[in-house]
Every structure is written in structure tokens, then in C-alpha cells.
Amino acid sequence: MALKTLNPPVAWRHKPSFPLDDCALFQLLPRRFDRLSQLHAVQNRGGIRIASGRRGFGCLGAGAGDGARRGVAPKGVDLATLGNLCVDIVLSVPSLPPKPLDERRAYMEQLATSPPDKKYWEAGGNCNLAIAAARLGLHVATLGHVGDEIYGHFLLDVLQDECISIVGMNENAEATVHNSFYETLLCWVLVDPFQKHGFCSRADFSDEPAFSWISKLSEQVKMAIRQSKILFCNGYAFDELLPNVIISALDCAIDAGTAVFFDPGPRGRSLHHGTPEEQRALNLFLRLSDVLLLTSDEVESLTGITNPIQAGRELIRKGVRTKWVIIKMGSKGSILITQSIISCAPAFKVNVVDTVGCGDSFTAAIAFGFLHDMPAVNTLALANAVGAATATGCGAGRNVAHLDKVLELLRQADLNEDDELWNELIEGNLETKEVRLLSRTSINGCSGCLVRHPIYSVVSELLSKFEGVYERSIMHS
């Protein structure tokens, strides 16, 4: 059966609930949707009305994302994600797929012979970040390709339910194709009896990106980037898109005054040793992004520096536009590094069920803090809470954290403190003017540069920002 690349028809929000300029962003919907689903609007203190749907809730108003870019045309989208739209098929299997490439491919093709029950499907990739950000009240757009088949329709349904816009990356909406390379990208998430995970997709078996037929950005995609406050890209985008296409998105964002968030992820190492085009793209993103997000292992692999704070400072030093470097340390916590200040936050104690989607949820909260000009320690505390809330559920996609669970963890304020760890990391960076540490105590220690921020003060500020909006969203849902 021939498949048709899905570029949904253009439709406008009947009554826009966010500021738009004359070149407002298109809202793209599946052909079978005759009209937009009913959206509710929540009035915030700043007078800005932000759409919220069944699972979303009102945004808190404009922040640093607007103020830092005064003079730029109004931007109606808080966060746009580039590529990496896929459907996860989560299956329990007796054993994980074999390591030899040919055997893995045969294994995957056998799985794909008949579609698994829909109860095993979940929105994956950048959908995790998009959904988590939308649930924090941000207006989110996804820029990517999905096919006109059952999986593509499922993904569009999920995104619409979460009030997330999608802009297709293929300009020829009527192009008919006859091979699987135009279908929605699937990722088989396989879980063995010991709860170990294996991952398999067709991108694993080709030297070319999955959507190498996309040779340039469409005008609609460029428009979406220009009207977004943040463009997020991660290393997995290179599994789908050609390096020159990804670089053109970076150039478009910089020209438009759109902040760039980049998370190289596990692909960072292979990009670092990849083709000349991949190496060039990686280096450009590391130098020109406003915010870099990496795990402690990833930042070490890219810099060769073991201490995550020193490694982050090296990225700051080499960066041209870099404002923040975020180091994710899992159950230990997180670090935010700027030119002059280091902020550290221990993780929250939770019973971990599944870590899939935790990093994406964490990033959504970092974006929120960046846009709303929140203090660094507050931003880390919120991000740790959102990531931890996701860890208490099973799977990602629609299972990422809801705000009520995030608020519950903040109220408990149960930090996984390890003073020995933080003292060790901080003592190697005594030349820094100020180190801020989220803590249960306000007593400073270890050096004159260390300032402890009491968790209860930070939580009080975060709760005052979110609780009223959450209550109003419940009333309007």
C-alpha cells in the first residue's frame, strides 16, 4: 500500500490565546480533524492568555525570554523542538535482541510484521520534552516528520490532546511514496524479565539519516523557528536529518534572536568522532548554543575533564553565546554553570519506577526557568522535581510528570543530600566567585564562596508561582 507523507493542512486558532505578529505560526492538524479541539484559556497576573487543554494548564506570563530579546518581533511559541518525533513500541520480551547487526535487523523486522496492540504504543523522542513543557504551561511546537499511517495518526492525536502544535518538514504535501523511509519513525523499546531495556529502530541500520530526503528547511519551519523563544535540538536529530539541515535551523534561530538549547546526549561521542559534517555541526552547536545540557559522563567524553564543574566551565570558556551549561547527575542532582556563578542542587528522594523520559522532563523545567528569569537554584530545584516526578511513573510520552506530582515532591522537600560529594566538586573550583548550593540548612561551609540556599525558601517561591495556576487550570478543565 502506498504511503503518503503527512503534511497536515493549515488551520488557525480561532481566538489566539497568545500574542501573534503578522506572520503568525501555523497550527497544523491531521486531515481528518475538521476543527480544533476546544481549548480553555487561563488568565494570568500579567494579562496574557495561554491556551490549556485537557492536560495543560495556564502559563505564568512573560519572562526573560521576552525581556532578553526586546526589539525582536513578538514570539508566540515558548519552545520548539527540532526533529526526533517517533512512536515508542514498548514490549516485554523473553530476551533482548542479539548484538550482531544483521540479526538485530531481522529481529526488528519480525516485530514489525504486524502492528502490536495500541496499548503498547507511546509518543517518544522529543514528544517527551514537548509534553512535559506543555504541562508546565509553556506553549510548545514540534518541528518534524510523521507519516500518513496509523503510527503518524496516533502521534498527531497525542500531540493535539496535549495542545502541542506540529509543523511538518516536507513541503510537498501530496507526494506519494512507496517505501518505508517516509513512514513515522518507530523505536522498539524492549524490556526483558530482569527489567533491562533494549532499543531498536530502522535508524540503527543505515549510514544515512532516516529522513535524508529532507534537503532543506521549509518556509513554514523557518517561520516556526523565528516565532519561538527557544529552539531545542538534541543529538538524536542527526539520526533523522542531514547535518546541513540541522545547521540551517541553528542559523535561522540565531538570526531570529531565538535561544538555542542543545543536548548532545549519547550521540555526542559518535558525532565527535563522526563524519567531517557531523563534527562541524557538533562544534557549531557547542559554541553557538545559549544553553547546553549534558550528563556528567557526556561532558567528560567531550572535554576529557573528569570534574563536571570544570568540564562545564571549559564549555563556557569555548562558547561564543553560551549562557548556561547544565550538568545532569541523575540521582545525585544537577549543576548550572554560568560565567561567574555555579549553582548546585541535590536530587529529590523518590521511589524510582522508570527513568525513561526523566532527562526530557528535566529539560522542560530548565526551559521554563530560562524563559521566566528564575534564579538558577530555583530552576534546578524545579527541574529536579519534574524529573523525579517522571521517575515515579512507568514510561515516558503521556506518562511524564503532571504538575500535581511535581508540587507534591516540592512540598515534601526531601533532598538526597551528600555534602561529601558537593564539597569535593566545589573545592576543585575555589576560584569561582560564588557557589550556590540548595540545602536543608542555611549554614555556609567548605569555603567563603559557598552560599547555601534553604530548600524551604526555594520551595515557597516555587509553590507561590505554580499553585494558583494549577488550581485555576483544574477549574477550567
Side-chain angles (χ1 to χ4, degrees), residues 1-11 25-33 77 79-89 112 121-131 140-160 162 164-188 201-206 208-225 228 231-250 252 267 281 397:
M1 175 181 173
L3 294 173
K4 192 175 290 183
T5 301
L6 182 59
N7 251 37
V10 174
L25 173 68
F26 292 116
Q27 169 80 11
L28 301 180
L29 298 171
R31 288 189 174 88
R32 65 192 180 286
F33 292 148
V77 175
L79 172 67
T81 66
L82 181 66
N84 194 213
L85 301 180
C86 66
V87 174
D88 288 345
I89 309 294
W121 304 4
E122 192 49 78
N126 273 339
C127 296
N128 301 329
L129 168 60
I131 293 171
V140 184
T142 57
L143 320 178
H145 170 75
V146 293
D148 189 6
E149 16 67 5
I150 55 175
Y151 296 113
H153 297 166
F154 165 78
L155 206 55
L156 290 169
D157 286 341
V158 170
L159 293 174
Q160 190 190 22
E162 298 286 345
I164 296 168
S165 306
I166 179 168
V167 180
M169 295 191 71
N170 178 35
E171 286 187 302
N172 186 0
E174 299 305 321
T176 301
V177 296
H178 298 271
N179 65 62
S180 62
F181 292 102
Y182 292 79
E183 296 178 11
T184 305
L185 194 63
L186 302 183
C187 180
W188 300 86
S201 81
R202 73 168 186 265
D204 302 335
F205 308 106
S206 174
E208 291 290 320
F211 304 139
S212 57
W213 46 267
I214 298 177
S215 59
K216 64 179 182 178
L217 298 179
S218 69
E219 288 305 312
Q220 288 183 350
V221 170
K222 291 178 182 178
M223 182 188 298
I225 293 174
S228 299
L231 174 68
F232 173 83
C233 178
N234 63 20
Y236 291 116
F238 291 85
D239 290 338
E240 297 183 7
L241 303 173
L242 293 167
N244 68 293
V245 174
I246 299 173
I247 291 173
S248 67
L250 173 66
C252 181
R267 285 285 274 118

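Residue numbers count from 1 along this sequence.
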What distance separates [X] [atom1] from [Y] [atom2], expressed to the nearest 0.5 Å?
{"X": "Trp121", "Y": "Ile150", "atom1": "CH2", "atom2": "CD1", "answer": "4.0 Å"}
{"X": "Thr81", "Y": "Ile166", "atom1": "OG1", "atom2": "CD1", "answer": "8.5 Å"}
{"X": "Glu162", "Y": "Ile131", "atom1": "CD", "atom2": "CD1", "answer": "5.0 Å"}
{"X": "Met169", "Y": "Thr142", "atom1": "CE", "atom2": "OG1", "answer": "11.0 Å"}

Which pair of non-hydrogen atoms, one from [X] and one from [Y], has the smallest distance, and what is that distance?
{"X": "Lys222", "Y": "Cys252", "value": "O-SG, 3.8 Å"}
{"X": "Ser201", "Y": "Cys187", "value": "CB-CA, 4.1 Å"}
{"X": "Trp188", "Y": "Ile89", "value": "CZ3-CG2, 3.4 Å"}
{"X": "Asp88", "Y": "Gly124", "value": "OD2-CA, 3.5 Å"}
{"X": "Gly125", "Y": "Cys86", "value": "N-SG, 3.5 Å"}
{"X": "Asn128", "Y": "Gly397", "value": "OD1-N, 2.7 Å"}

Do the side chains of [Y] and [X] get nearer than 4.5 Å, heavy atoms only?
{"X": "His145", "Y": "Leu85", "answer": "no"}
{"X": "Asp239", "Y": "Leu185", "answer": "no"}
{"X": "Asp148", "Y": "Glu183", "answer": "no"}

| request: Name all residues meeting the ring pair (Phe, Tyr, Trp, His ring centres under 6.0 Å) criterion together with Tyr236; count only those two or more places apart in sequence or in a different chain, and write none if there are none. | output: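 Not a single residue meets the ring pair (Phe, Tyr, Trp, His ring centres under 6.0 Å) criterion with Tyr236.
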| field | Under the side-chain contact (heavy atoms from CB on, under 4.5 Å) test, residues paired with Ile246 that sit two or more places apart | value |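 Only Leu82, Cys233, Ala237, Phe238, Leu241, Phe285 meet the side-chain contact (heavy atoms from CB on, under 4.5 Å) criterion with Ile246.
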| Partners of Ser212 by side-chain contact (heavy atoms from CB on, under 4.5 Å), sequence neighbours excluded? |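 Only Glu208, Pro209, Leu242 meet the side-chain contact (heavy atoms from CB on, under 4.5 Å) criterion with Ser212.
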| Under 3.5 Å: donor-acceptor pair, side chain of Thr184, backbone of Gly152 |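 Indeed, once roles are kept as given, a pair shorter than 3.5 Å links the two residues.
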| field | Set of residues satisfying salt bridge (Lys or Arg N to Asp or Glu O under 4.0 Å) with respect to Glu122, sequence neighbours excluded | value |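 Per chain and number, Glu122 pairs via salt bridge (Lys or Arg N to Asp or Glu O under 4.0 Å) with Arg398.
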| field | Asn126: side chain to side chain donor-acceptor pair (under 3.5 Å) partners, not counting sequence neighbours | value |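 With neighbours one apart ignored, the set is Asn234.
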| query | Picking from Val140, Val158, Leu155, what satisfies side-chain contact (heavy atoms from CB on, under 4.5 Å) with Cys127? | reply |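 Answer after filtering Val140, Val158, Leu155: Leu155.
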| said: Could you go through Asn84 and Leu129, starting from their C-alpha distance and side-chain angles, then the distance that decides it, and tell me whether this counts as side-chain contact (heavy atoms from CB on, under 4.5 Å)? | reply: CA-CA 11 Å; Asn84 194 213; Leu129 168 60; over 6 Å; no
